[in-house]
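Single-structure report; data block below.
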Amino acid sequence: MTESPHTPPTPETPHDQTMHPLEAQRRANREAAVSAGLNPYGVRVDGLVTLAEAGSRYDEGADQDQKANGKAEGFADRRPVVKVAGRVMLLRDNGKLLWINLRDASGDLQVAVSQRDCAEPGFAIAKSIDMGDIVVAEGPLTKTKTGEVTVWATSIVPGAKCLVPPPEKHAGLSDHELRYRMRYVDMWANPETTRVFQLRSRIVSLLRRLLDGLGYMEVETPMLQTLAGGAAARPFKTHMNALDISLFMRIAPELYLKRLLVGGLPRVYEINRNFRNEGLDARHNPEFTMLELYHAFGDMETVMGVTESLTREAAAAVAKEQGLPHSGAFTLPFGELAIDYGSPFMRVRYGDLFERVLGVKMSDRGAVARLAAEKRVKAKDEKGIALDHWLIVNNLFEELAEPTLDHARPTFITHYPSAISPLTRPNREDPTVADRADLFIGGMEIAPHYTELNDPDVQASKFKEQLAGLDDEESTFRNFDEDFVNALKVGMPPAGGMGLGIDRLVMLLTNQRTIRDVVLFPLMRPLESQQDAPTDA
RNA sequence: GGGAGUGUAGCUCAGUCGGUAGAGCAGCGGCCUUUUAAGCCGUAGGUCCAGGGUUCGAGUCCCUGCGCUCCCA
């Protein structure tokens, strides 16, 4: 990669040999603060208000009064005085009057620095400011003749020097790679980025508040696990020196949360990171956030109700925040869709949808085989061996039936075939279908729901079946969880369980098309200069 | 894993048929006390992702690799 101010210097490339001229210039400009006796990196400042708050304190009457009578003998200026800090986004230097547009996480505000009204060294500091610097300004609020609320500075002090040239001032930072690698620039160059993460934070705290109100207790279970259970995914493996054992980053908290039901907690949830050592695309980041919850003496229906109300409440909060309708059949935009979160979520049985779209019963082996051939849906594995009937059914379902769902209506698909839900409890009335329901919104799978298996003997045999089907590679990280089966032997109450993908939910509610836009620091391939030296392990 | 696109100044982007590397913003030197992407005059800034090939000549064409983006599995 070519040398640029955006390439962090490494020990092997000292500053003085690689410094970009634009950085050198900014270092020189930094000296203005030093020679004025100020620290270019600032000091503690008390009494700051956000830029949005400062702007809202503008007093029209006091401003008019000042403009009319300001020069009169003994006139008292009643304009509110504010102290603000922000990053310099725009800078217009008219010689003896400078216009500075500041930005913070709350918004933007203009500051005027007049040689006549700003005490030294403030004016000298203002003259040395570079775009991207953080400055602190204080002064009364006024409106310019074009009507813009402005802090008329009586003092300016440095907050922090920006030695790296900021992005272009109108086009901003649009290069996706740079945006993700330098989120700390993206966040102020593109205020929309900060807004998404503010919403994400509010959504997650609302979910916690709602769950707490419903009597669920938040818990934290191991992220480092000796067995990577609870889902079918490849784990990240690490090593613990003290005990000289292998550990896995968890792929799901499920088996620990269920142990807590055995321990007597009636309703538990965890909102935390899972890690899966798999692909990386618009909907997958190797670490992602999941809300997983369990409800003792509930079932699939119980937790479906919880998911529906959590989703609706979160959507309503986002809609309200944006000044959109948030009751009745209200919607939020997602790409081209207007997703209806207000109406009751749709429900469709897997088998009914299959039959309606494909015209044959999923249990009709002959018809399914003919249909797979006709529709050219995968019916053989890599070795050319015919797939199991139910796998063909699922391929047909995922390719042809699932896409026909109305993406603008959140929909639960229920009654999955037991044959493709190996770890799930079979339905009491019809054991060929499983007590499992998946919520789909906007074409994305958001949350699976289960009536949990709590018979230790059934669980043990399902573990064994699963292990028998593993290839050599899978066998290296999957194992029989004796202790979990032992917990079930102690006795787990019947329960409903649910797992809600927080990143995908946030994507939907904030109208972002990729998971990288809702994860603050998405995983990126490291730059060569930032790679760790190879280790022995 | 497959396909498509893309990589040029700090940033955002042009670069025609293969013929001297371009613009805007940012920067630097001036002027300017009500600007809104301020304006005006002047000025500097390049490993065209990397390596190889074709050619008198490659940012441009070909090959290989790498990064990133999008789509598909």
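Residue numbering restarts at 1 for every chain, and letters A, B, ... go by the order of the sequence lines.
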Polar pair under 3.5 Å, donor/acceptor by atom type, side chain S174(A), base U12(B): no
Quiz item: Q110(A) side-chain donor-acceptor pair to U35(B) base, under 3.5 Å: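 Result: at least one qualifying N/O pair found.
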[X] side chain: which of [options] is closest?
X	options	answer
E168(A)	U33(B), G27(B), C11(B)	C11(B)
T144(A)	A37(B), U35(B), G67(B)	U35(B)
P167(A)	U35(B), C68(B), C11(B)	C11(B)
L90(A)	C28(B), U35(B), A38(B)	A38(B)
R92(A)	C28(B), C71(B), A38(B)	A38(B)

Note, R513(A) side chain near F334(A) side chain (heavy atom, < 4.5 Å): yes
F236(A)/F248(A) aromatic ring centres below 6.0 Å: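 Aromatic pair excluded; centres sit 6.0 Å or further apart.
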Using a 4.0 Å heavy-atom cut-off, does [X] contact any base of the nucleic acid, only the sugar-phosphate backbone, or nothing at all?
X	result
H170(A)	base
K169(A)	sugar-phosphate
T142(A)	nothing
N101(A)	nothing
G279(A)	nothing
R513(A)	nothing

Residue closer to the 5' end of RNA chain B, N29(A) versus D281(A) (nearest nucleotide): N29(A)
Most 5' of E148(A) and S114(A) on RNA chain B, judged by nearest nucleotide: S114(A)
Flag, side chain of R276(A) to backbone of I251(A), donor-acceptor distance under 3.5 Å: yes
Geometric class of the F412(A)/H449(A) ring pair [parallel <30°, tilted 30-60°, perpendicular >60°]: perpendicular
Euclidean distance for P, U47(B) against U8(B) (whole angstrom):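 Here U47(B) and U8(B) have their P atoms 12 Å from each other.
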